[in-house]
Amino acid sequence: MSTRRNGRVQTTTMTKQVRCAVYTRKSTDEGLDSGFSSLDAQREACEAYIASQKHEGWTLLPHRYDDGNVSGATMDRPALGRLLADATEGKIDAIVFYRLDRLSRYLPDFARIMEVLDANGCAIVSVTEQLNTSTPSGRLHLNMVMSFAQHEREVISERTRDKMSAARRKGRWIGGYPVLGYGIDPEGRRLHVNEDEAARVRAIFDLYLERGSLLSTVRELRRLGWASKRWTTRKGTERGGRPFTKATLSYFLTNRIYVGQVAFQGKIYDGEHEAIVDEETFERVQKLLARNAHAGGSATRNKHGALLKGLLRCAACDAAMTPTYTKKGERRYRYYRCVAAQQDGHDCPTGCLPATEIERFVTDRISTIGTDPDLQAAVLSRVRGLDGVPDDEAVVRMLQQFEPVWDRLSPAKRARVAQLLLERVEYDANEEVISMTFRPTIMDVLTGEATA
């Protein structure tokens with residue numbers, strides 16, 4: 001802009017305003033309840049940096065975007081979602097954070113974030129790494145840093161997998177839910193026998209041998225008031241103590257931890273902990289379980305061989321879908337039928353679903369649980385905060401080890417593991433969308449116990 005003073009023309013430059021939003025993140029909840037946390041420290045550093053750029057027109061927006069107790073390995077972060085939404089609406093010119101890994105630790109996620117920001121002309125600035133994507137050199141520097149960060153993350157993940165595998169092969173317990181009969185040594189990650197609970201474990205094995213049926217045993221356990229392991233988290237929350245079901249009793253009776261062993265990636269290793277059940281009793285139980293399944297137990301109750309029996313629901317009718325079949329000649333065609341439509345004859349948009357197709361879709365999705373960020377986020381939302389569950393990054397690393405285990409499972413084992421993994425599978429015929437909800441017991445699968 002030009003002005004005339006005393007016959008001379010003076011030129012002044014209008015500095016463009018840069019609206020800056022500060023984003024902070026912390027992986028754990030440690031210190032969040034105190035008066036001053038690392039989120040506050042991150043924000044102070046960012047605010048000081050914005051103030052130092054006042055001459056460039058930088059101004060601080062008042063809104064806070066703080067994600068506490070959230071991993072950088074997931075996109076499922078409330079504050080990040082609000083931040084990207086505001087950037088999309090053109091309310092932000094630059095996002096300032098303390099360090100790049102506060103924004104994302106996963107290269108594909110970071111690429112998705114940058115795609116949104118670039119499309120809306122929003123730059124990112126890292127205070128400690130001198131990154132500023134508003135310049136070409138800053139964008140080049142960013143790509144280099146993210147490539148190295150991704151490499152470092154993969155190396156750390158590989159080392160962690162190797163360390164966990166080595167610990168398992170030595171028979172060590174590496175974490176997860178406590179099981180009935182054992183306690184956790186506070187001095188280290190070891191299991192020790194809880195004598196009172198161990199007596200109950202042996203009684204349950206004997207009861208199944210006496211009754212010869214999962215359903216009959218479950219009924220007797222409920223009559224006695226016996227339930228699963230109850231424990232108190234470090235935060236004082238009560239967990240477990242749930243009545244047995246046929247599925248949880250089957251898992252309980254096949255858990256090789258009770259004979260002093262650990263299962264990992266389809267192999268069995270001698271454990272460091274003491275056995276509760278003798279080998280002869282355990283093998284008698286396994287033979288009885290196998291005989292019942294083959295001669296009329298689970299095979300009769302699920303005569304169609306339906307992988308999703310008890311899991312699949314029709315979203316349009318909010319009703320279960322039950323397995324059925326039709327025959328043409330010697331060939332049998334399996335389906336899942338909406339129970340509500342079958343009972344009252346109303347016009348259901350779902351009707352019948354070909355069983356093979358939807359079962360294949362679900363099993364294919366399960367096999368990609370270690371590489372699909374959306375599935376990882378779904379799992380993390382179910383297990384986050386449970387006692388005995390490691391931080392989000394460790395859970396993601398465990399998910400990445402699951403695919404080769406799943407590939408080696410027999411169809412019968414996959415059906416059993418699917419029951420432990422999934423709480424429900426919903427098919428929305430109107431949107432043609434299949435959604436899966438995971439059980440918190442997925443951690444039993446990830447630690448290798450449920451695939452034994």
Side-chain angles (χ1 to χ4, degrees), residues 16-32 34-75 77-84 86-87 92-118 120-157 159 391-394 396:
K16 180 183 177 181
Q17 185 184 46
V18 180
R19 297 164 298 172
C20 300
V22 173
Y23 177 74
T24 65
R25 183 187 63 78
K26 190 176 188 294
S27 296
T28 66
D29 60 358
E30 182 180 356
L32 292 181
S34 63
F36 189 83
S37 68
S38 69
L39 294 180
D40 298 309
Q42 292 176 42
R43 185 170 183 84
E44 279 193 0
C46 294
E47 289 178 351
Y49 187 84
I50 293 171
S52 71
Q53 303 298 311
K54 185 177 181 180
H55 62 284
E56 297 289 344
W58 290 29
T59 59
L60 174 66
L61 293 175
H63 305 294
R64 294 184 70 104
Y65 303 92
D66 303 324
D67 277 320
N69 195 23
V70 183
S71 170
T74 176
M75 289 282 287
R77 290 178 260 164
L80 179 62
R82 290 188 288 105
L83 182 70
L84 295 179
D86 288 348
I92 303 171
D93 299 315
I95 298 172
V96 182
F97 41 84
Y98 185 73
R99 196 171 59 238
L100 196 58
D101 62 4
R102 301 301 89 192
L103 188 63
S104 178
R105 287 182 176 271
Y106 189 48
L107 191 55
D109 286 351
F110 185 80
R112 291 163 61 187
I113 293 173
M114 288 307 302
E115 183 178 356
V116 173
L117 299 182
D118 287 344
N120 293 279
C122 184
I124 64 171
V125 179
S126 172
V127 172
T128 59
E129 293 154 323
Q130 298 299 307
L131 289 177
N132 185 346
T133 60
S134 63
T135 65
S137 60
R139 287 190 289 272
L140 174 63
H141 188 192
L142 172 66
N143 290 332
M144 293 173 62
V145 169
M146 282 305 300
S147 295
F148 280 111
Q150 175 72 5
H151 173 70
E152 181 183 10
R153 184 174 182 272
E154 290 173 353
V155 169
I156 293 173
S157 178
R159 288 174 181 167
D391 62 31
D392 287 358
E393 293 179 33
V396 170

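Start at 1 with the first residue, then count along the sequence.
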_Can you confirm whether V22 sits close enough to I50 that some side-chain heavy atom of one is under 4.5 Å from a side-chain heavy atom of the other?_
yes
*With side chains defined as the heavy atoms from C-beta onward, is the minimum distance between D86 and Y65 less than 4.5 Å?*
yes
*Check step by step if side chain to side chain contact (heavy atoms under 4.5 Å, CB included) holds for R64 and R43.*
CA-CA 9 Å; R64 294 184 70 104; R43 185 170 183 84; 3.2 Å; yes
_Exceeds 12 heavy-atom contacts within 6.0 angstrom, atom OH of Y23_ = yes
*R19 CZ to L60 CG distance, which is reported to the nearest 0.5 Å*: 13.0 Å
*asked:* If the condition is side chain to side chain contact (heavy atoms under 4.5 Å, CB included), which residues does V70 pass it with, not counting sequence neighbours?
replied: D67, T74, R77
*CD1 of I113 to SG of C122: how many Å apart, nearest 0.5 Å?*
11.5 Å
*Any side-chain heavy-atom pair from I92 and N120 closer than 4.5 angstrom?*
no
*Residues T128, Y98; criterion side chain to side chain contact (heavy atoms under 4.5 Å, CB included); working and verdict*: CA-CA 6 Å; T128 59; Y98 185 73; 3.5 Å; yes
*asked:* What I'd like to find out is whether the side chain of D93 reaches to under 4.5 Å of the side chain of Q17, using heavy atoms alone.
replied: no
*What's the verdict on salt bridge (charged side-chain N to carboxylate O under 4.0 Å, His left out) for D40 and K26, showing C-alpha distance, side-chain angles and the deciding distance?*
CA-CA 10 Å; D40 298 309; K26 190 176 188 294; over 6 Å; no
*Taking the side chain as C-beta and beyond, is there a heavy-atom pair between V18 and E56 under 4.5 Å?*
no
*From R25 CZ over to L39 CG, what is the distance, rounded to the nearest 0.5 angstrom?*
9.5 Å
*Stepwise, does the side chain to side chain contact (heavy atoms under 4.5 Å, CB included) test hold for T24 with R102?*
CA-CA 6 Å; T24 65; R102 301 301 89 192; over 6 Å; no
*Heavy-atom closest contact (C46 atom, F97 atom, distance)*: SG-C, 3.4 Å
_Return the CG to CD1 distance between L117 and I95, rounded to the nearest 0.5 Å._
4.5 Å
